[in-house]
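First up is the structure itself, then whatever we jot down about it.
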Amino acid sequence: MSIVDRFIASTLPFVPKPIVKRIASRYIAGETDDEALHVASELNGRGFRATVDLLGEHIRTLDEAQPALHQYIGLLESIAQRKIDSTVSLKLTQFGLKMDKDACLAMVDSIVNRGAALNNFVRIDMEDSSCTSDTIETFRRLREKHSNVGLAIQAYLRRTAEDVAAMEHLKPNIRLCKGVYVESPEIAFREMNAINRSYVSILERLLRNGSYVGIATHDEAIVREAKRIIRELQLPVTAYEFQMLLGVNDALRNRLVAEGHRLRVYIPFGREWYAYSVRRLRENPRIAGYVLKAMLSAKL
């Protein structure tokens, strides 16, 4: 992680909002459903799958969850109508996880249920460590009723190997990422070598167990290890997929698809783009570096 990347990320809160929006426009699809689904459709045309994520989390009242509930159901219906190859991803704090877990479960259950009726899939994203246990418990309760729901987990958390072992009987559909939230050393591995070892170990365990895994990474070293495991286990391309953020490391993304792997692009969108952009870039300065390089190469 370069000093330049860290500098870019740390100064973002002081950069005028229009400039941040210009930077963010590379990896955020816009503010509306139509903008997000247009990006997803374009990616489909180039051989990529998609998942769309309506930005917004940590609501203050349960009433604030209602617009997101209706918007997600509308997204699933629009995806079906337009025949777009895209799932949806959501965060539980957008539905009141920290206020009323049962109300949150009921709302997300209605989204998953609508997804099942439309032959689509809903991914529950993982948030910071204060949400981990409740997120996993909500997923488990949904998984008892639905097969079209999956979970994101973070390899840098020290607990994740045990969490995976406890869910093995479910053969869950998992999005495996490194993790971007700032956590204490007691909770999370901090050294990149330790995080990578954890990631590869968890990935191999999941794949050996027969879980479908979204290998979510922009790290070429992790990609090489994933390919090694896939070869050793002689897995068909239907047993896994790679996943990457919109606008990040497009060259690697294109290469993986050219090699015949499935690849899903994560497409954030919504009116809450600013808070997401600043948080995401500050927590993962490498992305700031990717974006700056892309801007300069495109002469923006």
Side-chain angles (χ1 to χ4, degrees), residues 17-57 67-68 70-91 94 111 114-115 118-125 150 152 175 177 180 214-218 241-258 261-281 284 286-288 290-295 297-300:
K17 195 170 182 179
I19 295 177
V20 175
K21 188 170 187 177
R22 189 177 181 186
I23 297 171
S25 65
R26 180 172 178 84
Y27 65 97
I28 292 178
E31 296 189 6
T32 68
D33 293 12
D34 282 344
E35 288 172 304
L37 295 182
H38 176 73
V39 171
S41 181
E42 282 194 334
L43 287 165
N44 286 173
R46 293 191 303 231
F48 303 104
R49 297 177 165 196
T51 187
V52 292
D53 171 37
L54 174 62
L55 297 173
E57 52 197 277
H70 296 307
Q71 193 165 355
Y72 266 107
I73 289 173
L75 274 169
L76 287 165
E77 291 171 350
S78 294
I79 287 167
Q81 290 165 4
R82 301 185 193 189
K83 296 181 170 57
I84 296 172
D85 185 352
S86 178
T87 61
V88 300
S89 297
L90 56 82
K91 290 181 173 62
Q94 193 171 17
I111 295 170
R114 187 61 183 142
L118 295 168
N119 196 31
N120 209 332
F121 181 84
V122 178
R123 173 82 62 200
I124 298 173
D125 282 337
R175 179 179 195 264
C177 58
V180 297
I215 307 167
T217 185
H218 310 101
E241 64 185 42
F242 287 94
Q243 296 184 357
M244 299 181 70
L245 292 171
L246 180 68
V248 181
N249 207 345
D250 291 358
L252 177 59
R253 184 180 78 185
N254 294 337
R255 191 162 70 245
L256 285 167
V257 169
H261 301 284
R262 291 176 167 182
L263 193 141
R264 189 176 305 276
V265 179
Y266 184 95
I267 304 173
F269 79 101
R271 294 179 180 176
E272 301 297 322
W273 64 267
Y274 181 76
Y276 172 86
S277 300
V278 172
R279 177 176 62 78
R280 187 85 196 188
L281 291 172
N284 196 341
R286 283 188 181 84
I287 297 178
Y290 288 141
V291 173
L292 178 63
K293 290 171 189 174
M295 287 178 64
S297 67
K299 299 181 180 179
L300 294 176

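Bear in mind that the values here come from a model prediction, so they are computed numbers and not experimental data. Below, all heavy atoms of this structure are taken into account, side chains as well, without hydrogens, waters or symmetry copies.
Listed for the Asn44 side chain is a donor-acceptor partner under 3.5 Å among the backbone atoms of Asp85. Side-chain N or O atoms of Arg264 include one that pairs as donor or acceptor with a backbone N or O of Ala50 at under 3.5 Å.
Residues Glu77 and Arg114 meet the side-chain proximity criterion, which asks for heavy atoms closer than 4.5 Å. The shortest distance between side-chain heavy atoms of Leu54 and Leu90 does not fall below 4.5 Å. Looking at heavy atoms from C-beta onward, Phe48 lies in side-chain contact with Asn254 at the 4.5 angstrom threshold. The closest side-chain heavy-atom distance from Phe242 to Val265 is not below 4.5 Å. When side chains are defined from C-beta on, Phe269 counts as touching Asp33, because their heavy atoms get closer than 4.5 Å. At least one side-chain heavy atom of Gln243 sits less than 4.5 Å from a side-chain heavy atom of Arg123.
Shortest non-hydrogen contact noted between Ala29 and Val39 is CB-CG2, 3.8 Å. Shown here for Met244 and Asn249, the closest heavy-atom pair between the two residues is CE-O, 3.4 Å. The shortest heavy-atom contact between Gln94 and Gly56 is CD-O, 3.0 Å. Across Asp125 and Ala152, no two heavy atoms sit closer than the pair CA-CB, 3.9 Å. Nearest heavy atom pair, residue His218 against residue Leu245, reads NE2-N, 3.0 Å. The two residues Ser86 and Ile79 have their closest heavy-atom pair at O-CG2, 3.5 Å.
Here CD of Glu241 is found 8.0 Å from CG of Leu263. Values are rounded to the nearest 0.5 Å. Put simply, OG on Ser89 and CG on Leu75 are 11.0 Å apart, with the number rounded to the nearest 0.5 Å. Summarising the geometry, atom CG belonging to Leu246 is positioned 9.0 Å from atom CD1 belonging to Ile28; distances are rounded to the nearest 0.5 Å. Atom CD1 of Ile111 is separated from atom CD of Gln71 by 10.5 Å, given to the nearest 0.5 angstrom. Distance check: Ser41 OG to Arg46 CZ gives 10.5 Å after rounding to the nearest 0.5 Å.
Under a cut-off of 6.0 angstrom, the local environment of CZ in Arg82 is crowded, with over 12 non-hydrogen atoms contributed by other residues, nucleotides or ligands. At most 12 heavy atoms of other shown residues, nucleotides or ligands fall within 6.0 angstrom of atom NE2 in His38.
Tested against Leu37 for a side-chain contact (heavy atoms from CB on, under 4.5 Å), the candidates Ile84, Thr32, Ile267 yield a single pass: Ile84.
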Checklist entry - Under the side-chain contact (heavy atoms from CB on, under 4.5 Å) criterion, do Thr87 and Asn120 qualify, and how do the steps go? => result CA-CA 6 Å; Thr87 61; Asn120 209 332; 3.6 Å; yes
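For the pair Arg175 and Tyr266, the cation-pi test (distance below 6.0 Å, angle within 45°) is passed.
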